[in-house]
Q: 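Please see the structure below; I have some questions.
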2 protein chains.
Amino acid sequence: MKVTIKDIAKFAGVSTATVSKVINHKDENISQPTREKILNIMKEYNYIPNTAARSLVTKKTKTIGLVIPDIRNPFFHELARGAEDKANEEGYNIIFCNTDDRIEKEEKYVSMLIEKMVDGIIFTAASKRMNEFEHLRNNRVPIILVDRDIDLKDIKGKITVDNCLGAYEGVKHLLSCGYKNIIFLSGPLSTHPSIERLKGYKRALEEFHIPYKEENIFEGTYQSGWGYETVKMLLKKHIDFDALFCGNDLIAIEAVKALKEAGIKVPKEVGIVGFDDIYMATLVDPELTTIRQPSYEIGYSAVEMLINILEKKVKTKEKVVLNTELIIRKSTMHR
Amino acid sequence: MKVTIKDIAKFAGVSTATVSKVINHKDENISQPTREKILNIMKEYNYIPNTAARSLVTKKTKTIGLVIPDIRNPFFHELARGAEDKANEEGYNIIFCNTDDRIEKEEKYVSMLIEKMVDGIIFTAASKRMNEFEHLRNNRVPIILVDRDIDLKDIKGKITVDNCLGAYEGVKHLLSCGYKNIIFLSGPLSTHPSIERLKGYKRALEEFHIPYKEENIFEGTYQSGWGYETVKMLLKKHIDFDALFCGNDLIAIEAVKALKEAGIKVPKEVGIVGFDDIYMATLVDPELTTIRQPSYEIGYSAVEMLINILEKKVKTKEKVVLNTELIIRKSTMHR
DNA sequence: GTGAAAGCGCTAACAT
DNA sequence: ATGTTAGCGCTTTCAC
C-alpha cells in the first residue's frame with residue numbers, strides 16, 4: 001500500500017495540515033519536536049508525496065515541455081541538455097517532444113502538454129503557420145520560443161541568435177580569404193534561421209560587390225545524407241564553385257566527404273564554412289571553420305527565462321539574442 | 001477562467017458522469033444526440049481535461065521516465081528518440097533525465113519520477129550499487145533496464161545487447177586481418193557493457209592463442225577528449241600496438257585523428273574498430289569499422305515492453321537481448 | 001503551534 | 001440512457 005499524507009499524520013499523531021506544512025517548508029510555526037517527529041516518520045515509511053494531488057490544488061506541476069524538431073540533431077540535443085540542466089537545478093522536469101518540423105505533431109504535442117498542465121513550454125516552431133494554433137486560445141501556459149523567431153501571440157519570450165549576422169560573418173570570411181564563387185547549401189527555407197542566413201549571405205556578397213545568383217542557392221534539409229548527395233550532384237553537373245557555405249555542420253561534413261572522394265582539396269580548391277560548431281567539427285579532417293551557436297546556453301537560458309516568469313522573481317526581457325561566433329579552423333584558408 | 005468538466009456538463013444539461021464517459025470513450029450507453037451535443041460543447045469551449053485530476057483517481061499519468069547518462073551521447077539520443085517515438089504512438093509522454101552516471105542524480109531523479117507518478121521508468125543504471133536503492137522499496141513503478149544488465153530487484157524487464165559477443169567479433173575481425181597487438185581503449189569499467197566487452201576481447205585473444213596483457217587495457221570515459229589524449233599519450237610513450245579496439249565510436253574517431261596527426265596510417269599501420277555505429281562513423285576518413293548497436297530499437301522496444309506490462313496486453317519476456325553487428329568499413333584491412 | 005474542513009477536477013461504482 | 005455520490009491525496013484558510 002502506498003503511504004499517504006494521512007498515514008503520516010496518523011502515525012505522527014498530528015493533522016494532515018501540519019504534515020503538509022513541514023513537507024512544504026512552511027513550517028515557521030511548527031515546533032521543532034513536532035517537525036522532527038514528522039520528518040522521521042516520513043523517512044521511516046519512505047513517504048513520497050503525490051504530485052498529481054498537489055498539482056490539482058496548486059495548479060503547478062514543476063514540469064516543462066520541450067518541443068523540438070529532433071533530439072538527434074546535435075544542435076537540439078545540446079539545447080535539450082542545457083534546458084534539462086537548468087530545469088533540474090530548479091527542481092523541474094522536462095518532457096521532450098520530437099516534431100520533425102511537422103505542424104500536426106506540434107499541435108498534438110502542445111495540446112498534450114497543456115493537458116498535462118506543464119508550467120510552461122519551450123518551443124521551436126516549424127513555421128509561421130503557427131498563428132492558427134487553436135489550442136493556444138484559452139490557454140495560459142507561457143511559451144518561450146527558441147531558435148526560430150516567429151510572431152505568435154501569447155509568446156512570453158524568445159531566445160535566438162542573430163543568424164543573419166552569423167551567416168554574414170561566415171561568408172565575409174570566405175570572401176576575405178579570396179573565395180569568389182560561393183554556393184549556399186541551405187537548410188529548409190521555410191524555416192526562420194535559414195531565411196536569415198540567406199540574408200546574411202546576400203549582405204556579405206553585396207559588400208564585396210559580388211552579384212547574387214539565385215542558382216547558387218540550394219535548399220535542402222537537415223536530414224543526414226542531403227549534403228553529401230547534393231555535392232555529388234554539383235560535381236556531376238560540373239557546376240562551378242570554389243566555396244560552400246553550409247546550413248549546418250552536418251551538411252559541411254558531408255560536403256567535405258563528397259569533395260574528398262572526388263579528389264578535390266579542402267581548403268585549397270574549395271573553402272567550406274559550416275554552422276553550429278558541433279563537437280564533430282573538430283574531429284573531421286580538415287577541422288571545420290564554422291559559425292558557433294551557443295546551443296547549450298539557448299536551452300539553459302530558455303528555461304531560466306521561463307522559470308523567472310513562472311516564479312516572478314525578476315522582470316525578464318521578452319527577447320534575448322545570443323551571439324554567434326566565427327570559429328576559423330582548417331576548412332578555409334587565405335589564398 | 002479554465003473550463004472544467006462541470007462547466008461542460010452544465011452547458012450540455014447533463015451530469016459530469018455523462019461527460020466523463022464520452023471523454024473516455026466509454027460511451028456505449030450514451031445516445032448519439034447526447035454524445036454529439038457534449039462533443040460540440042467541448043469543442044466550442046476549447047475544453048482540455050485536467051490530467052492531474054484524472055491521474056489522482058486513475059493512478060495513471062500516461063508518462064514515462066527516461067533516465068540516461070547523457071542525451072548528448074549519440075548512443076543515448078538515438079535510444080531516446082526510439083523511446084519517444086514509441087511512447088508517442090501509444091499516447092504517452094517522456095520525461096528525460098541526465099544522470100552523468102552519478103548515483104546521487106539517479107536517486108534524485110527516480111524519486112522525482114515516482115512523485116510525479118510516472119507509469120514506468122526506462123533506466124540506464126550506473127552500477128551495481130543500485131541495489132541499495134531506497135526509493136524503490138515501497139514502490140510499484142515498473143522499471144525497464146536498458147543497455148546495462150544489472151541485478152536490481154523490482155526490475156520488470158531488461159533490454160540489452162550481447163556486448164561480449166559484439167566485442168568478440170570486433171576483436172576477432174582485427175585478429176583475422178592480421179593485427180596482433182591490440183590495445184583496448186575501454187569505457188568506464190565500472191559499467192556493465194565495458195566489462196562485457198573486455199570479456200569478449202579476452203575471448204577473441206584466447207581463441208587466437210595470443211596472451212592477454214593487462215597493460216593493453218586502458219580504462220577511460222565516454223567524455224569527449226579522452227580517446228584523443230590517450231592515443232597521444234600512447235604515442236609519446238612509444239607504446240607498441242598495431243590495432244585499437246575502442247569502447248565507442250567517439251573514442252575511435254578521436255583515435256584516428258590523433259594517429260593521423262602523428263602521420264600513422266589507418267588502417268595500414270594501425271587498425272581501428274569502434275563500437276555503436278553512430279552516424280558519424282560513416283563520415284570520417286577512413287570510414288569506421290565498428291560494432292553496430294541498435295540504439296533506436298533499444299529505446300523503442302523498451303517502451304514497447306513497458307507499455308505491454310502496463311496495459312497487460314501481452315505476456316512479455318522479461319529479458320530481451322538484441323543483436324550487434326560487425327560493420328566492416330575502411331579503418332581495418334587484411335594485411 | 002496545530003487542526004478542521006473545504007475543495008482542486010475528475011472517475012467509477014452504483015442507482016435510477 | 002443518464003445521474004448521484006464518494007472519494008483520489010493534497011493544500012490552504014480560518015479557527016482554536
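The sequence lines fix the lettering, A, B, ..., with proteins before strands; numbering per chain opens at 1.
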Q: Using a cut-off of strictly less than 4.0 Å between a heavy atom of the residue and any atom of DNA chain C, enumerate the qualifying residues of residues 55-65 of chain A by number.
A: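 Heavy-atom cutoff 4.0 Å gives A/L56, A/V57, A/K59.
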
Q: Can you check the A/K10 NZ to C/dG3 P distance for me, whole Å?
A: 15 Å

Q: Does anything in residues 18-41 of chain A come within less than 4.0 Å of DNA chain C? Heavy atoms only, and list the residues if so.
A: A/T18, A/K21, A/N29, A/I30, A/S31, A/T34

Q: Are B/E84 and B/R81 within salt-bridge range, i.e. N to O under 4.0 Å?
A: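 So B/E84 does not pair with B/R81 through a salt bridge.
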
Q: A quick test of your reading: do over 12 heavy atoms of other residues, nucleotides or ligands sit less than 6.0 Å from NZ of B/K59?
A: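 Yes, because the 6.0 Å sphere around NZ of B/K59 holds more than 12 heavy atoms from other groups.
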
Q: When you check the gap from the basic side-chain N to the acidic O, do A/R72 and B/E78 get nearer than 4.0 Å?
A: yes

Q: Please give, in whole Å, the distance from C/dG9 C1' to A/K116 NZ?
A: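 That distance rounds to 17 Å.
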
Q: State which residues pass side chain to side chain contact (heavy atoms under 4.5 Å, CB included) with B/L79; sequence neighbours excluded, sorted by chain then number.
A: B/L66, B/F75, B/F76, B/V146, B/I298

Q: Can you pull out every ring-ring contact (aromatic ring centres under 6.0 Å, His included) where at least one residue sits in residues 17-42 of chain B? Sequence neighbours excluded, please.
A: none

Q: What is the distance, rounded to the nearest whole Å, between atom CD of B/E115 and atom P of D/dG9?
A: 15 Å

Q: Roughly how many Å is it from OH in A/Y45 to P in D/dG9, rounded to a whole number?
A: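 Rounding to the nearest Å, OH of A/Y45 and P of D/dG9 are 17 Å apart.
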
Q: I need the NZ-P distance between A/K6 and C/dA6, as an integer number of Å.
A: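 Checked: the NZ to P distance equals 14 Å.
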
Q: Out of the candidates A/L145, A/I155, A/D149, A/I159, only one should pair with A/K319 under the side chain to side chain contact (heavy atoms under 4.5 Å, CB included) rule; please name it.
A: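 When A/L145, A/I155, A/D149, A/I159 are each tested with A/K319, the side chain to side chain contact (heavy atoms under 4.5 Å, CB included) holds only for A/D149.
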
Q: Rounded to whole angstroms, how far apart are CD1 on B/I5 and C1' on D/dT5?
A: 14 Å

Q: Please list, chain by chain and in numerical order, all residues satisfying side chain to side chain contact (heavy atoms under 4.5 Å, CB included) with A/S20, sequence neighbours excluded.
A: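 A/S20: side chain to side chain contact (heavy atoms under 4.5 Å, CB included) contacts with A/I5, A/N24.
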
Q: Would one find a side-chain N or O of A/Y47 under 4.0 angstrom from OP1 or OP2 of D/dC10?
A: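 For D/dC10, OP1/OP2 do have a side-chain N/O of A/Y47 under 4.0 Å.
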
Q: According to ring-ring contact (aromatic ring centres under 6.0 Å, His included), does anything in residues 90-121 of chain B pair up with another residue at least two apart or in another chain? List the pairs.
A: A/F96-B/F96

